[in-house]
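Take a look at the structure set out below.
Everything numeric in this text was worked out from a predicted model, so none of it was measured.
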Amino acid sequence: MFKKFVGIIPFVFYGLLAIGQHPSEIFLQQGKINKNAVVLHKTMGGGLVKQGLTLKESVADGYPDRRADVELELEVPETGWYVLEAETMPRNSEQLKQEDTTGVLTRIAHFQLGVERITKRIVYDSYKGGKQELGKFEFGKKKEKLKIWLPRNLVFYTISVKPYIPPAPPKEAEAYVPRILPPAAHPRLWVNTETLPVIRQRLQDTAHQGAWLKVKQAALQTFAFAYDPQQEIRYNEKLEQAVESKAFYYLLEKDRAAGNEAVKLMTQYLSVLEFGNITYGDISREMGRAIYTAALVYDWCYELLSTAEKTLLRRNMQRLARDMEIGWPPFFGVESIINGHGNEAQICRDLLAMSIAVYDEDPLPYKYTAYTVLEQLVPMRKFEYQSPRHNQGIDYGGYRFGWEMHAALLFYRMTGFPVFDDNIKNLPYYWLYMRTPDGKMLRDGDMFSVKYAQSDSFYWKNPQTMLLCYAYSGNALFKGQFLRQGGLPDNPVLFLLLDDPALKPDFDLNRLPRTIDFGPVLGSMVARTGWEEQKESGNVVAEIKGGGFHFGNHQHADAGAIQIYHHGMQVGDLGLYLSYGSPYDFNFNKRSVAHSMLLVRDPAEPLLFRTKTNDGGTRFSQRFPRTVAEVLNDSWFHTGFVRSCDYGPNPVAPAYSYFNADLTAAYTSKLEQYSRSFLFLDMKRPDVPAVIILLDEVTSADPAFKKTWQINTLSRPQVSVNRFILNSSLKGKTGTTYVNMLVPAARNRKYEVLSGDSSAFVAGDLYSARSAWPEAKGSRILVSPLKDAKKTAFVTVFQMAEETQAELPLQFNEKKGYYLFQVGNKLVALARPGSLLQEAFTLEVPGDQEYEVIVAGLQEGFWNLSGVDGKLDFNATVLKNKHTLSVKMKGGRLVLKPQRVYKAPEGVLKNSAGLSDGLGQK
């Protein structure tokens, strides 16, 4: 008999009926206790005695063949879903740590509600301690018995009950009428009745024979599965892969034995699959994969399913969906399809596939998922992908974009027309341009590929995303990258569904421009001297970020940051992504201080998002916009604008690549103005393949705010008053970067180098990363002016040289409104970064060799170029947002005037003394 408690049950009713109140608590010692196994345990704390139950020392842990350790009677106001919570505490913390072998300190208890199957739930772990949400339980009656089997060395105090409140769909989703509907017939997932014959025909191609053989073998081999309806099981990836192969084989060959086995395995498996209350380890990904596999069976084997089997599959798919991070309906408040884990497989593949498959029997899921994809994700990405790069960086961007491509292809394959803007087809160029000759990538965002790499020789890859991209766009270069990354041998079904063997891969990147302008949303530029992918290559690859918008989460506070690769990373990032949100992550890895950029420290600057340290960088943000209107109208997300980006004169192998950004908005109001200019020069010579000129001009609100120009490098640099020398070696080849700061002059500046363990020393706080990667113990070079001033300029030249080759002679002059540089065969006039040249000026071109004269920062409009001898006189057009022109000359005076001269040639030059026949103008 169960003991009833007059003081408890009325409180249960009150707590459950009063939505939003704290959950009701029931003390375990008030239940029916198995005195052979359990004893009362008293805990002193704060002058109070707290009582709970714990196993006797002699009793075995887990779920033995014995009656429950304690039984409670729970009463709820109505049947339905409720959330149970538990409060526990280790009886002996030190002993618990000694017993642990995994580092998680997890303790499991067993529960049985009514006549339901016994289930395992976490009641204590190192993540949440002893206050654990046990999960969602369905009360089939208002009064139910709850049996509990306790774990060892744990005191169990209370069970709490509260109603489960599913996520509330927004009113727009409730009223939504999808403009695109699934077709009446099955199949609908990846193929329809029109395209199914095409997939069958492609199986005959030799390129598909290997993958088809794998599918056939898996489909025809019986999968051993010990099904017990009274025994819950955990995730079984091998079973799901076998089921997928069997369902696909039935779809193509109509082999009923394979199809029936797929149906049987999936219905049995899903009915006993239980994830409990596991929340760490991104468990939604495993839940989603089970839902997706069930959806494939539902759709591809539709005619084999009985009504009862369809009902069972739908019920269990939605049961699992309730426990996903995005929830069901898929509108859990902190999650979104725009960013975070909600922008992964949960909606774009798993719930979308489920909703398409079950549309005939239940159209509501499709209404919700179609709304999130078509009305939330599609318009946002149309705006964002004006810049062909991903705001979540190399790794998370590649991962999440792959799921978006699932949504794009699921809709396209179902209906025959695209729902995303065509600019989605260009995004994969981001990964092509970020590739470095060693097979890795320039760093961007949180890099889990580095975190999980077994050695420094890893090759960055995401072949599944590349498969989806070339299947959608028909781009042969992307198919070449897919094969270069090893293909997709472990997912033959997806390969056979998407690959068109008639599309031949293109491995030659040399026809691509060596420089890319990433546009206005994620302002940035990558420039390179070549497309070689050998580790011995001497190619230089450089990047500058700046201007546009910030989207939070895995994106870093790195507006204005630069990176330079030459035989390894010469200038770049030091942070490592080891765990999200840790003190190291939020105070160093994601912050400006871990990047090569400008820091301005206002001691009174507020610290947000659990940060502790004021690094002086750009605003650190974990907020992200959910709509285009929000990103455009909320200045929080603005990081400045790209004033200029241009390269030429050869559009494929440019001699110069110019980028200028106003970055004021990326910082707080501690800055009145900040602009950075970056000019990459391809010297086209073996000893010094590239030169970079970097200009900074910053005005702070208070002269006392310390301004620090910073670059980070992996190897310990050589430092002196006049210059810094960086180096990197790879495969026996060494690159040297000579860094000459011209403004402030050496006598007007001070510098500091933080290396090794002190490299993550920030404003008095030391952060450290336990890692063998060089980013954990690199070096930061910090340069500051000796005297405080509101306005400060930095002018720096980087020369990337081979081995021990000397740097090129460098001449420098400050002029009115611009800086003049002479290096190698380049004569460069660069406007000060915060303004454009609008008045006439004259350049003296030496006569010792032919020079490429490059002028960047010209006001848009007509300019006339003339020589004092009268032999040179022509008009050139300088375009808005480009602001550059170039011409080759040998000796003479070049006059540039902001006007259009009557009858002067329009940008076409004839050979003349001292002038070549090529003019590059933008």
Side-chain angles (χ1 to χ4, degrees), residues 545-550 552 555-562 573-575 583-623 634-641 661-676 694-712 741 743-744 748-754 758-767 780-794 796 833-834:
K545 294 186 178 85
F549 305 91
H550 195 278
Q555 186 179 4
H556 290 188
D558 57 0
I562 66 169
D573 302 347
L574 288 188
Y584 171 82
D585 189 46
F586 272 21
N587 291 285
F588 188 75
N589 173 55
K590 286 182 171 66
R591 300 286 290 281
S592 302
V593 70
H595 303 79
S596 297
M597 54 188 290
L598 188 75
L599 308 174
V600 180
R601 195 167 188 275
D602 168 13
E605 185 172 342
L607 297 173
L608 305 175
F609 304 103
R610 307 198 320 270
T611 57
K612 176 188 174 185
T613 302
N614 179 353
D615 71 332
T618 61
R619 289 178 289 111
F620 177 64
S621 176
Q622 286 295 289
R623 286 181 57 201
D634 188 339
S635 61
W636 175 265
F637 303 111
H638 297 188
T639 61
F641 62 89
D662 186 308
L663 303 169
T664 313
Y667 295 77
T668 66
S669 58
K670 64 187 178 184
L671 295 192
E672 293 180 0
Q673 195 281 328
Y674 171 44
S675 292
R676 170 169 270 198
L694 185 69
L695 308 182
D696 293 278
E697 192 172 78
V698 58
T699 302
S700 59
D702 187 328
F705 292 166
K706 183 179 180 180
K707 304 175 183 69
T708 303
W709 180 96
Q710 175 181 276
I711 56 172
N712 299 336
M741 181 170 282
V743 176
N748 297 324
R749 66 177 187 251
K750 58 184 176 181
Y751 71 88
E752 180 182 16
V753 178
L754 300 175
S758 65
S759 62
F761 184 74
V762 187
D765 296 320
L766 180 62
Y767 299 95
R780 291 165 47 215
I781 302 173
L782 303 92
V783 181
S784 298
L786 282 176
K787 295 182 179 179
D788 293 340
K790 278 181 67 72
K791 189 171 184 178
T792 301
F794 297 92
T796 315

Rounded distance (nearest 0.5 Å) linking atom CD1 of I562 with atom CG of N712: 10.0 Å
Which residues pass the salt bridge (charged side-chain N to carboxylate O under 4.0 Å, His left out) test with R780, not counting sequence neighbours? none
Listed partners of A661 passing side-chain contact (heavy atoms from CB on, under 4.5 Å), at least two apart: F659, L663
Checking the side chain of S592 only, and the main-chain atoms of A557 only, is there a donor and an acceptor separated by less than 3.5 Å? yes
Please round to the nearest 0.5 Å and tell me the distance separating atom OH of Y751 and atom CD of Q710. 16.0 Å
Do you know the tightest heavy-atom contact between S700 and A789? OG-O, 4.0 Å
Test salt bridge (charged side-chain N to carboxylate O under 4.0 Å, His left out) applied to D573 - qualifying residues, sequence neighbours left out: none
Contacts satisfying side chain to side chain donor-acceptor pair (under 3.5 Å) that involve residues 782-791 (not counting sequence neighbours) are E672-K790, T708-S784
Would you call D765 and N587 a side-chain contact if the rule is heavy atoms closer than 4.5 Å? no
Looking only at heavy atoms, the pair that brings A793 and P744 closest together is O-CD, 3.5 Å
Check: K545 and T639 side chains under 4.5 Å, non-hydrogen atoms: no
Report the distance from atom NZ of K706 to atom CG of L599, rounding to the nearest 0.5 Å. 9.5 Å
Is there any salt bridge (Lys or Arg N to Asp or Glu O under 4.0 Å) pair reaching into residues 595-609, and which pairs are they, with sequence neighbours excluded? E605-K670
When you compare the side chain of F549 with that of H638, does any pair of heavy atoms fall below 4.5 Å? yes
Would you check if N589 and Y584 make a side-chain contact, meaning some heavy-atom pair closer than 4.5 Å? yes
Measure from the side-chain N and O atoms of S675 to the backbone N and O of E697, and report whether any donor-acceptor pair falls under 3.5 Å. no
Would you name the heavy atoms of A665 and G640 that are closest together and state the gap between them? CB-N, 3.5 Å
May I ask you to decide if T664's main-chain N or O and Q673's side chain share a donor-acceptor pair within less than 3.5 Å? no
For the side chain of K590 and the backbone of Q622, is there at least one donor-acceptor N/O pair under 3.5 Å apart? no
Gap between atom CD of E752 and atom OG of S758 - 0.5 Å precision: 8.0 Å
In terms of ring plane angle, is the pair W636 and F609 parallel, tilted or perpendicular, where the classes change at 30° and 60°? tilted
Does the R676 side chain pair with the main chain of A561, one donor and one acceptor, at a distance under 3.5 Å? no
D615 and T613 side chains, donor-acceptor separation under 3.5 Å: no
Give, for atom NZ of K707 and atom CZ of F794, the distance between the pair rounded to the nearest 0.5 Å. 8.0 Å
Would you compute the distance between atom CG of D696 and atom CH2 of W709 and round it to the nearest 0.5 angstrom? 8.0 Å
Minimum heavy-atom distance between F761 and L754, given as atom pair plus value: O-CD1, 3.7 Å
Side-chain donor/acceptor of H550 to backbone N/O of H556, under 3.5 Å: yes
Would you indicate whether the side-chain heavy atoms of K612 and F586 approach each other to under 4.5 Å? no
Is there a donor-acceptor pair closer than 3.5 Å between any side-chain N or O of R591 and the backbone N or O of G617? no
Residue set satisfying side-chain hydrogen bond (donor to acceptor under 3.5 Å, both in side chains) with D702, at least two apart, ordered chain then number -> none
